[in-house]
Undergrad: 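Right, I'll just put the structure down here and ask away after.
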Amino acid sequence: MILLYIDPGTGSMLFAVLIGIAGAVLYSIRMMWIKLRFKISGGKVEMTGEKLPFVFFSDDKRYWNVFDPICREMDRRGQDVVYMTASVDDPALQNTYKHVKAEFIGKGNRAFAKLNFLNAVIVLSTTPGLDVYQWKRSKDVQYYVHIAHSAGEITLYRMFGIDYYDAILLSGEYQARDVRNLERIRNLPEKELVMVGIPYMDEMAARLEKSRTEFNAEHPRTVLLAPSWGSNAIFSIYGGRILDVLIKTGYHIIVRPHPQSFDSEKELIEKMMRDYPESEQLEWNRDVDNFEVLRRSDILISDFSGVIYDFCLVYDKPVIYTSPKFDVAQYDAWWLETPLWKTSALPRLGCQLTEKNMKHLQDIIDSCLTDPRYAEGRRTVKEETWIFAGEGAKRTADYLLNKYEELVSAGNS
């Protein structure tokens with residue numbers, strides 16, 4: 001018996017080809033039906049209600065915090081939204097909004113297959129790679145809008161991550177500059193770039209204000225270690241040495257690996273958890289909602305994770321960041337001549353941790369917590385990357401509703 005093996009790359013390509021063929025056939029049938037109805041009705045065809053006005057798509061449950069404030073604002077205005085998720089345990093599935101219907105559409109290729117045949121006016125998503133891999137633009141979707149799931153660079157997606165969206169919702173002028181430079185270099189048509197702010201950070205800030213009394217309560221000095229994942233991340237480079245040094249400080253330590261670590265580098269994380277089990281001084285955190293763990297911590301140690309901006313700009317606390325050799329070769333940023341914005345932002349937010357100064361980590365922690373220049377740095381960084389603070393959900397909803405009216409009006413003219 002001959003066994004056939006198809007590698008993942010080839011499998012993805014074949015899947016894309018099949019989806020493309022099926023989409024073309026379905027589109028042709030649908031167009032024939034529309035033409036037939038047009039002739040029968042004497043040239044008068046009314047909307048059948050099949051086209052959804054708004055679809056929000058999330059590939060992971062951890063992005064519900066991005067969509068939740070926008071869903072709430074759309075619901076407040078009485079606007080129907082279909083929320084599609086690729087996570088069977090997405091908190092969105094338990095939402096109580098009258099006008100937001102959430103549905104699990106399967107994982108991986110199953111989810112993309114549904115999206116590839118979607119019939120909607122506007123799709124809003126945090127997922128990069130539209131029309132690059134399995135997720136293809138549906139012929140029956142009029143407009144694709146991307147919203148980032150963190151502050152900072154919009155060019156740190158894998159190559160071509162945002163090229164085929166129609167619009168990008170942004171929170172800083174440097175992001176718009178980078179998108180325009182990519183379009184120029186790749187000879188792409190200009191996308192619609194809209195400054196709306198960061199709805200989920202607005203939500204965190206409002207939530208934090210409500211818990212201000214508890215937030216200021218007495219507690220042991222607490223250090224949050226929140227590494228990202230991959231070969232450039234803290235655990236891949238420093239291993240357990242950083243935990244050895246942290247434990248010697250006597251401070252309370254919370255370790256919160258990136259959720260992707262538990263899938264993509266499972267053996268590494270399991271080994272770290274065995275070598276450094278939980279104790280009164282050290283805890284491992286896997287909460288879906290990171291609000292409480294950020295609130296309890298006095299200082300953050302991280303690498304290139306977007307949680308740095310949440311911690312510094314919302315909670316107004318300092319960070320210690322590592323600066324491993326970050327290879328941008330696989331990211332959109334590789335195409336740009338301008339340096340990454342974070343190279344100027346991070347030194348204003350806190351202190352860099354290196355092999356040489358790691359033995360003085362306790363002194364670095366104490367210094368970051370008392371040095372006034374970092375408080376000033378947080379203020380200037382916030383001005384650059386969190387425009388319209390407190391208005392993100394409102395401005396996003398305003399844009400989506402106005403764009404919807406524009407698209408529908410154009411279609412009826």
Side-chain angles (χ1 to χ4, degrees), residues 8 58-66 85-91 107-108 126-128 149-150 152 156-158 222-311 319-328 330-331 342 346 350 352-355 358 361 365:
S58 176
D59 62 89
D60 194 278
K61 64 183 179 182
R62 64 180 180 270
Y63 301 132
W64 172 237
N65 70 320
V66 176
T85 175
S87 290
V88 69
D89 55 347
D90 194 317
K107 296 181 179 181
T126 61
T127 307
H149 62 260
S150 67
L156 288 180
Y157 290 127
R158 299 296 175 113
T222 301
V223 180
L224 173 61
L225 177 64
S228 190
W229 64 281
S231 59
N232 291 310
I234 287 176
F235 280 158
S236 296
I237 293 178
Y238 298 111
R241 287 181 294 141
I242 191 167
L243 284 176
D244 291 333
V245 176
L246 281 173
I247 290 171
K248 289 179 182 178
T249 67
Y251 299 147
H252 187 72
I253 311 300
I254 304 175
V255 187
R256 181 182 169 84
H258 191 285
Q260 189 62 39
S261 296
F262 293 94
D263 294 326
S264 299
E265 44 192 18
K266 184 178 180 180
E267 292 184 6
L268 171 63
I269 296 300
E270 289 180 347
K271 182 179 187 305
M272 295 292 292
M273 295 181 74
R274 287 195 305 269
D275 293 346
Y276 300 90
E278 287 205 350
S279 64
E280 290 187 5
Q281 184 188 6
L282 184 146
E283 62 177 288
W284 290 83
N285 181 275
R286 293 191 66 178
D287 295 345
V288 175
D289 182 357
N290 66 3
F291 175 84
E292 183 63 23
V293 71
L294 296 180
R295 188 185 66 82
R296 289 196 292 126
S297 303
D298 297 302
I299 192 166
L300 168 71
I301 300 177
S302 191
D303 32 50
F304 46 88
S305 173
V307 74
I308 286 177
Y309 304 113
D310 297 349
F311 191 78
V319 66
I320 296 172
Y321 62 94
T322 63
S323 186
K325 293 180 180 179
F326 188 69
D327 183 9
V328 298
Q330 56 190 324
Y331 301 100
K342 72 172 188 174
L346 289 178
Q352 179 179 339
L353 181 66
T354 66
E355 287 276 8
M358 186 182 292
L361 185 52
I365 291 171

Undergrad: State, yes or no, whether a side-chain contact exists between Ile301 and Ile234 at a heavy-atom distance under 4.5 Å.
TA: yes

Undergrad: Start with the C-alpha distance between Tyr238 and Thr322, add both sets of side-chain angles, then the distance that settles side chain to side chain contact (heavy atoms under 4.5 Å, CB included), and finish with yes or no.
TA: CA-CA 10 Å; Tyr238 298 111; Thr322 63; 3.8 Å; yes

Undergrad: What distance separates Ile269 CD1 from Lys266 NZ, expressed to the nearest 0.5 Å?
TA: 12.0 Å

Undergrad: Classify the side-chain pair Thr127/Asp59 by whether it contains a donor and acceptor separated by less than 3.5 Å.
TA: yes

Undergrad: Taking the side chain as everything from C-beta on, heavy atoms only, tell me whether Val223 gets closer than 4.5 Å to Asp298.
TA: no

Undergrad: Can you list the residues that meet the side-chain hydrogen bond (donor to acceptor under 3.5 Å, both in side chains) rule with Ser264, with sequence neighbours excluded?
TA: Gln260

Undergrad: OG of Ser87 to OH of Tyr63: how many Å apart, nearest 0.5 Å?
TA: 9.5 Å

Undergrad: Got a sec, which pairs hit salt bridge (Lys or Arg N to Asp or Glu O under 4.0 Å) with one end in residues 224-250, sequence neighbours left out?
TA: Arg241-Glu355

Undergrad: Among Leu246, Leu361, Thr222, Ile365, which residue satisfies the side chain to side chain contact (heavy atoms under 4.5 Å, CB included) criterion with Tyr251?
TA: Ile365

Undergrad: Might you point out which heavy atoms bring Ser261 and Ser228 nearest each other, and give the distance in Å?
TA: OG-O, 3.9 Å

Undergrad: Do Glu292 and Asn285 have side-chain heavy atoms sitting under 4.5 Å apart?
TA: no

Undergrad: Nearest 0.5 Å, please: how far is CD in Glu265 from CD in Glu267?
TA: 11.0 Å

Undergrad: Atom CD1 of Ile308 and atom OH of Tyr321: how far apart are they, to the nearest 0.5 Å?
TA: 9.0 Å

Undergrad: Among Asp289, Asp90, Asp89, which residue meets the salt bridge (Lys or Arg N to Asp or Glu O under 4.0 Å) test with Lys61?
TA: Asp89

Undergrad: Does some side-chain heavy atom of Arg286 sit less than 4.5 Å from a side-chain heavy atom of Phe262?
TA: yes

Undergrad: Measuring only between side-chain heavy atoms, which start at C-beta, is Ile242 closer than 4.5 Å to Leu353?
TA: yes

Undergrad: I'd like to check the ring-ring contact (aromatic ring centres under 6.0 Å, His included) partners of Phe311; sequence neighbours left out, ordered by chain and number.
TA: none

Undergrad: Are more than 12 heavy atoms from other residues, nucleotides or ligands located less than 6.0 Å from atom CD of Gln330?
TA: yes

Undergrad: Can you tell me how far OG of Ser302 sits from CG of Leu224, rounded to the nearest 0.5 angstrom?
TA: 8.0 Å

Undergrad: Under 3.5 Å, is there a donor-acceptor pair linking the side chains of His252 and Glu283?
TA: yes

Undergrad: Is there a donor-acceptor pair under 3.5 Å between the side chain of Gln352 and the backbone N or O of Ile320?
TA: no

Undergrad: Nearest heavy-atom pair of Gly230 and Ser236: which atoms, and what distance?
TA: O-OG, 2.7 Å

Undergrad: Heavy atoms only: give me the nearest Thr126-Tyr157 pair and the separation to one decimal.
TA: O-OH, 4.0 Å

Undergrad: Any side-chain heavy-atom pair from Ile247 and Gln281 closer than 4.5 angstrom?
TA: yes

Undergrad: Could you tell me if the side chain of Phe235 sits less than 4.5 Å from the side chain of Val255, heavy atoms only?
TA: yes

Undergrad: Measure the spacing between CD of Glu278 and CG of Leu282 and express it to the nearest 0.5 Å.
TA: 7.0 Å

Undergrad: Taking all atoms of both residues into account, what is the closest heavy-atom pair of Trp284 and Pro257, and its distance?
TA: CZ3-CG, 3.8 Å

Undergrad: Are the side chains of Val319 and Ile299 in touch, meaning some heavy atoms are under 4.5 Å apart?
TA: no

Undergrad: Within the side chain of Trp64, is there an N or O that forms a donor-acceptor pair under 3.5 Å with the backbone of Ser58?
TA: no

